[in-house]
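Single-structure report; data block below.
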Number of protein chains: 2
Amino acid sequence: MSDTKQRLLDGTLTTIREQGIAGVSARSIAATAGVNQALVFYHYGSIDGLLVAACESATSARVSAYSERFAAVTSLRELLDVGRSLHSEEQELGNVAVLAQLLAGSQHDEKLAKATARALRLWTGQIEEVLGRVLADSPFADVTDVPGLARALSAGFIGLELYDGVDPNGARRALAALEQLAVVMEVVDESGPVVRRAIRSTMKRKARRR
Amino acid sequence: MSDTKQRLLDGTLTTIREQGIAGVSARSIAATAGVNQALVFYHYGSIDGLLVAACESATSARVSAYSERFAAVTSLRELLDVGRSLHSEEQELGNVAVLAQLLAGSQHDEKLAKATARALRLWTGQIEEVLGRVLADSPFADVTDVPGLARALSAGFIGLELYDGVDPNGARRALAALEQLAVVMEVVDESGPVVRRAIRSTMKRKARRR
DNA sequence: GTCTATAGCTGGATAGAC
DNA sequence: GTCTATCCAGCTATAGAC
């Protein structure tokens, strides 16, 4: 990967972070990257092509940075801890913000949509693997669609990031509330046989009613 | 409210829906509204001013459309039902998509940020009121920050809407997984004294450990 | 691979006729 | 209040020199 191509990739992410998807243009990116504007088209064909490449490059690096930490998780409690630090680290780096902007842009850009879908699948794939392992013999195992939950978590983080941009206090509070709920899950997860049996039977009754 | 001003408001929402925040311009909106481009500036001063006004007008109408339905809710189960239909109706109308795009644009636009924050507060205010009522004497009452949860729900719906744009099947699955979790909450909520006491004491133990 | 230059278009915003 | 006309900035994309 030549220096210029890499600078363009980095410049793209910085520009998205600092100006949002609406502030993206060949000129704004090139200026951030310290590179001639025409080189966007020489190297990536179009703005869209550059966005697609940047989306790809940004995600794969970050996801693989977490693979070992995810692999070491053996309980819901540990998963919560890793999730917490993942969230704060990625938020700090502005990666969630970038993903949110790319996702907003993807709503009306087919090619970009495919790229962000791939990027999100990298994240959800990781989460899915851990969740499946951790919930394997919990009371949630029967009633939880693990891939679905992984996707909900990813979408939730992105929504929270956007919310954070207009109401930081509210977002902090929302996150805290979710953690409380997660603790409830943890409690059920670690519950003894009495609680377990009670919950299981109520779930069955509900399933019949539906 | 003059006809032209209203047409501009409607045109703005349609344009955001169909072209995203990056596709918004005085010309694109005016074309959609069937109105002269210069009138954007005559009536609203700037694009930003129009976006702010549109954000306001779109939300207040929709929120008040739900106030009676929310007021009638008396249980978590009923709240889930209303939430489900709210989500599908607003999604159908494209209102969530508009809010998501406005929120993405708000990340780098202070005035718009204030407007969307107000809009979201209208939603969360409603949800908060109902949640507080419904969870009042559930086992969740002690451990749940209701305003925080209301914000998390709003952010979650927005995240899901964006996710839906790039992976509709994944989004459907994510929503289903969340509903399953909600059912678990419902079960705990309706649980008998044994389960209740077990959960409460474990929660306390956890609280001490932290 | 990188640069300059430029064509051709779309953008926000305003002036001034009606 | 609404329209035309227009300024000028910024945009994508390409041609062609180096």
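Note that these values count all heavy atoms, side chains included, but never hydrogens, waters or copies made by symmetry. So that the names make sense, note that chain A is the first sequence line, chain B the second, and so on, each numbered from 1.
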Subject >> Side chain proximity check, B:Leu86 to B:Phe70, heavy atoms < 4.5 angstrom >> reply: yes
Original post:
What integer distance in Å separates A:Tyr44:OH from D:dA13:C1'?
Top reply: 18 Å
**OP:** Could you check which residues of residues 4-19 of chain B get a heavy atom under 4.0 Å from DNA chain D? Sort them by number, please.
**Re:** B:Thr4
**OP:** Give the rounded distance in Å between these two atoms: CG of A:Asn36 and P of D:dA13.
**Re:** 15 Å
**OP:** Provide, to the nearest angstrom, the distance between the CD1 atom belonging to A:Ile21 and the P atom belonging to D:dC11.
**Re:** 14 Å
**OP:** Begin with the C-alpha distance, continue with both residues' side-chain angles, and end with the deciding distance and a verdict on salt bridge (Lys or Arg N to Asp or Glu O under 4.0 Å) for A:Glu128 and A:Arg121.
**Re:** CA-CA 10 Å; A:Glu128 215 174 306; A:Arg121 215 173 309 129; over 6 Å; no
Subject >> Whole angstrom value for the distance that separates P of D:dT2 from CG of B:Leu39 >> reply: 5 Å
Original post:
What heavy-atom pair brings B:Arg173 and A:Pro147 nearest, and what distance separates the two atoms?
Top reply: NH2-CG, 3.4 Å
Original post:
In this structure, which one of B:Thr14, B:Asp10, B:Ile16 forms a side chain to side chain contact (heavy atoms under 4.5 Å, CB included) with B:Thr32?
Top reply: B:Thr14
Produce the list of close N/O pairs, under 3.5 Å, pairing protein atoms with atoms of nucleotides 8-14 of chain C; give distances to one decimal.
| unit_1 | atom_1 | unit_2 | atom_2 | d |
| --- | --- | --- | --- | --- |
| C:dG11 | OP1 | B:Ser25 | OG | 3.2 |
| C:dG11 | N7 | B:Arg27 | NH1 | 3.4 |
| C:dG12 | OP1 | B:Ala26 | N | 3.1 |
| C:dG12 | OP2 | B:Ala26 | N | 2.7 |
| C:dG12 | N7 | B:Arg27 | NH1 | 2.9 |
| C:dG12 | O6 | B:Arg27 | NH1 | 3.4 |
| C:dA13 | N7 | B:Gln37 | OE1 | 3.0 |
| C:dA13 | N6 | B:Gln37 | OE1 | 3.4 |
| C:dA13 | N6 | B:Gln37 | NE2 | 3.2 |

Original post:
Quick one: does A:His108's side chain get under 4.5 Å of B:Gln101's, heavy atoms only?
Top reply: yes
**OP:** State, yes or no, whether a side-chain contact exists between A:Leu149 and B:Gln180 at a heavy-atom distance under 4.5 Å.
**Re:** no
Original post:
Can any side-chain N or O of B:Glu129 pair as donor or acceptor with the backbone N or O of B:Gly125 at less than 3.5 Å?
Top reply: no
**OP:** With sequence neighbours left out, write down each residue that passes side-chain hydrogen bond (donor to acceptor under 3.5 Å, both in side chains) with B:Thr74, or none if nothing qualifies.
**Re:** B:Glu78
